[in-house]
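Here's the structure we're looking at; comments come further down.
By convention in this document, chain letters (A, B, ...) are assigned in the order of the sequence lines, proteins followed by strands, and residues within each chain are numbered from 1.
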2 protein chains.
Amino acid sequence: MMKRNTWQREAVREALDTTEGFISAQALHSALHASGSPIGLATVYRALGDLASSGEADSLQSPDGEALYRACSTAGHHHHLICRNCGLTVEIEATEVEAWAKGIAAEHGFTEAAHVVDVFGLCADCTRPAATTESPDRAG
Amino acid sequence: MMKRNTWQREAVREALDTTEGFISAQALHSALHASGSPIGLATVYRALGDLASSGEADSLQSPDGEALYRACSTAGHHHHLICRNCGLTVEIEATEVEAWAKGIAAEHGFTEAAHVVDVFGLCADCTRPAATTESPDRAG
DNA sequence: GATGGTTTTGACAATCATTATCAATAACAC
DNA sequence: GTGTTATTGATAATGATTGTCAAAACCATC
């Protein structure tokens, strides 16, 4: 089975690149449609899945059980600081946590330890009280 | 609205208590049915949700986007070390990580930081090469 | 123990994300 | 250009979860 290059796959890759934070497959599909692309939903799912398994994107599960994707520049292992209001995402390195995870795992006899470490919060902008005239938009 | 005690809620609490690792709502419902309980699926979902929000159980998203629950003895905030093969779960404290998460969040202007920190690996038993005569059972 | 107000239950429909299906299409080697 | 074959996309199917609402259960009270 040889991989072929299609404009659809390119479109997904590009849309992901130009997206600030994490985005769901559904939202990405909507965004593409809004830009005039007739790409199909199933194709977006497939492309995102491919991107994720090839390491060009990384994915995480939102608290709602939705799969979220993001283009990641850093090829290596890293984590995220995500604003739960506007979706702003900061890639963070977690040297200490890596060490900690490895240590904890070893301590309990575990091997091949992988870990899920993501921090959700409110970014500086979204921290301003909602009582103001405007409430920040939800990214999507 | 006053909470009432029903045998259903007790059944869910107990089933969760006697379960080794994390379990999904569906699986817990099946288990209860298998034990002869006529409890409804919706009720199991409700009970688990209540248990989770009252802090008596904690929940996490499986890589498949399923919500998994587990009775937790430790009332406070803690994390998990989970065997991806047999489901064995160890509750761990992560003082360092708490501090780190708070620090990272503050450093980037984030507030109200919550974090998802779970370590998946192979426990000591499951680490033994699969080439042996027996392969360990998958917990369910 | 019976009664009544209110919560809870449960069968089922509805919703939502995701995956499978499969004929039509498009990419690539020649 | 031609043929082979991976890819697409509309839609159905799946599977987890939530909403609905009348009937049943809980519990304070008599």
Side-chain angles (χ1 to χ4, degrees), chain A residues 1-16 19 21-54 56-70 84 87 138-140, chain B residues 1-16 19 21-54 56-70 87 138 140:
Chain A
M1 199 237 287
M2 197 182 53
K3 275 274 152 80
R4 291 178 185 177
N5 272 347
T6 63
W7 63 264
Q8 286 95 334
R9 231 177 281 247
E10 274 310 307
V12 169
R13 195 197 309 269
E14 198 173 307
L16 206 60
T19 299
F22 277 89
I23 190 170
S24 69
Q26 304 272 352
L28 195 64
H29 178 240
S30 297
L32 282 165
H33 260 207
S35 318
S37 174
I39 192 171
L41 178 58
T43 303
V44 173
Y45 271 98
R46 279 186 288 244
L48 284 175
D50 287 353
L51 248 25
S53 59
S54 76
E56 293 185 72
D58 50 22
S59 63
L60 58 83
Q61 295 283 335
S62 85
D64 304 328
E66 232 182 335
L68 302 181
Y69 298 87
R70 181 168 190 264
R84 77 172 115 247
R138 184 79 180 72
Chain B
M1 199 238 282
M2 198 181 52
K3 276 275 152 83
R4 291 179 184 176
N5 273 347
T6 61
W7 64 264
Q8 286 95 334
R9 230 177 282 248
E10 274 311 308
V12 169
R13 196 198 308 270
E14 200 174 305
L16 206 60
T19 299
F22 278 88
I23 189 170
S24 69
Q26 304 273 352
L28 195 64
H29 179 239
S30 296
L32 282 165
H33 260 208
S35 318
S37 174
I39 192 171
L41 177 58
T43 303
V44 173
Y45 272 99
R46 278 187 289 245
L48 284 175
D50 287 353
L51 249 25
S53 58
S54 76
E56 292 185 73
D58 50 21
S59 62
L60 59 82
Q61 297 282 335
S62 84
D64 303 328
E66 231 182 337
L68 301 181
Y69 298 87
R70 180 168 190 263
R138 184 78 181 73

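One interatomic measurement links the two molecules: CG of B:Leu68 to C1' of D:dG15, which rounds to 14 Å at whole-angstrom precision. In this structure, NE2 of A:His33 is placed 12 Å from C1' of D:dT8, rounded to the nearest angstrom. Taking atom CG of A:Leu28 as the reference point, atom C1' of C:dA17 lies 15 Å away to the nearest angstrom. Rounded to whole Å, the distance from OH on A:Tyr69 to C1' on C:dA17 is 10 Å. To the nearest angstrom, C1' of C:dA17 lies 15 Å from CD1 of A:Ile23. Remark: C1' of D:dA6 and CG of A:Asp50 are 12 Å apart, rounded to the nearest angstrom. Going from atom CD of A:Gln26 over to atom C1' of C:dT19 covers 12 Å, rounded to whole Å. Atom-to-atom, NE2 of A:His29 to C1' of C:dT19 comes out at 15 Å; the value is rounded to the nearest Å.
When the side-chain nitrogen and oxygen atoms of A:Arg9 are compared with OP1 and OP2 of D:dT7, one or more of them lie within a distance under 4.0 Å. Regarding contacts with the backbone of D:dT17, a side-chain N or O of B:Tyr45 is found under 4.0 angstrom from either OP1 or OP2.
Nearest heavy-atom pair, A:Leu16 versus A:Ala57, reported as atom, atom and distance to 0.1 Å: CD2-CB, 3.7 Å. Taking every heavy atom of both residues into account, B:Arg9 and B:Arg4 meet most closely at NE-O, 3.7 Å.
DNA chain D is contacted by both A:Ile39 and B:Arg46; A:Ile39 maps to the nucleotide lying nearer its 5′ end (nearest heavy atom per residue). Comparing B:Ser24 and A:Leu41 against DNA chain D, the residue whose closest nucleotide sits nearer the 5' end is A:Leu41.
Here the straight-line distance linking atom CG of A:Asp58 with atom CZ of A:Phe22 works out to 5.0 Å at 0.5 Å rounding. A distance of 10.0 Å separates CD of B:Glu66 from CD1 of B:Ile23, quoted to the nearest 0.5 Å. Here the straight-line distance linking atom CG of A:Leu48 with atom CG of A:Leu68 works out to 10.5 Å at 0.5 Å rounding.
With C:dT9, C:dT18, D:dT17 as the candidates, the nucleotide lying closest to the side chain of B:Glu66 is D:dT17.
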Task: Protein-to-nucleotide contact annotation, 5' to 3' order, nucleotides 25-30 of chain D [B base; S sugar-phosphate only; - none; under 4.0 Å, heavy atom] - done: BBS---
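The backbone N or O of A:Ser37 lies less than 3.5 Å from no partner atom in the side chain of A:Ser35, so there is not a single donor-acceptor pair. Panel note: side chain A:His29, backbone A:Tyr45; no donor-acceptor pair is recorded below 3.5 Å.
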